[in-house]
Amino acid sequence: MATPTTTIRLPAELRKRLERYARHHDETNTEVVVQALDNFLSRQDSSDRRDEISRELERLSRIDRDDPEYQEFYGPPEKDPFTQDQ
């Protein structure tokens, strides 16, 4: 089964660097680009997951602080030192 084709435009200097790298590592330009893109997107996916986890932990933390049993055990939530009471 054939792999779909995608065309991209590269600045001349980047194209030269790609070709030099591929030759040096005995790979095709396509192999280098596919690997680089896969690595980049994997890091982005991991970063997105970390952001989602952080948001969920913050949400759960707010739920805990608002729970009367939590406040009974730990006391009232601390005031945010960066906000000013009016």
Side-chain angles (χ1 to χ4, degrees):
M1 177 183 237
T3 304
T5 302
T6 300
T7 302
I8 61 170
R9 297 180 192 277
L10 298 175
E13 183 56 34
L14 184 57
R15 173 70 188 234
K16 288 177 190 174
R17 290 172 55 200
L18 170 61
E19 291 170 347
R20 228 180 359 253
Y21 181 92
R23 260 193 322 274
H24 183 265
H25 290 87
D26 197 30
E27 296 180 358
T28 66
N29 291 348
T30 298
E31 290 169 331
V32 173
V33 171
V34 167
Q35 182 179 14
L37 185 57
D38 185 53
N39 288 340
F40 172 79
L41 293 174
S42 293
R43 285 193 310 273
Q44 294 304 113
D45 291 345
S46 295
S47 177
D48 291 345
R49 281 193 296 275
R50 281 192 301 271
D51 291 345
E52 288 176 29
I53 290 169
S54 293
R55 284 192 298 275
E56 183 63 10
L57 288 172
E58 178 57 32
R59 186 186 73 79
L60 292 172
S61 174
R62 284 192 308 274
I63 289 171
D64 282 347
R65 288 190 300 257
D66 293 340
D67 185 315
E69 289 181 9
Y70 177 94
Q71 292 183 23
E72 182 180 321
F73 187 78
Y74 291 104
E78 294 180 15
K79 291 187 179 184
D80 185 348
F82 299 104
T83 59
Q84 296 193 10
D85 294 331
Q86 297 188 13

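This one's a predicted model, so the numbers in the text were calculated from it and none came from an experiment. Both backbone and side-chain heavy atoms feed into the values below; hydrogens, waters and symmetry mates do not.
The NE2 atom of His24 sits 15.5 Å away from the CD atom of Glu19 when rounded to the nearest 0.5 Å. With values rounded to the nearest 0.5 angstrom, Arg9 atom CZ is found 14.5 Å from Leu14 atom CG.
One hydrophobic cluster holds both Ile8 and Leu18 under the rule that ILVMFWY side chains link at heavy-atom gaps under 4.5 Å. The hydrophobic clustering, which links ILVMFWY residues whose side-chain heavy atoms are closer than 4.5 Å, places Val32 and Leu10 together.
Not one N or O on the side chain of Ser47 forms a donor-acceptor pair closer than 3.5 Å with the backbone of Arg43. Here the side chain of Glu31 pairs a donor or acceptor atom with the backbone of Thr28 at under 3.5 angstrom.
Listed by chain and number, the residues in a side chain to side chain contact (heavy atoms under 4.5 Å, CB included) with Glu56 are Arg59, Leu60 (sequence neighbours excluded). With sequence neighbours excluded, no residue forms a side chain to side chain contact (heavy atoms under 4.5 Å, CB included) with Asp48.
Under a 4.5 Å side-chain heavy-atom criterion applied to ILVMFWY residues, the cluster that includes Leu41 comprises Leu37, Phe40 as well.
Heavy atoms from other residues, nucleotides or ligands lying under 6.0 Å from CG of Asp26 number 12 at most.
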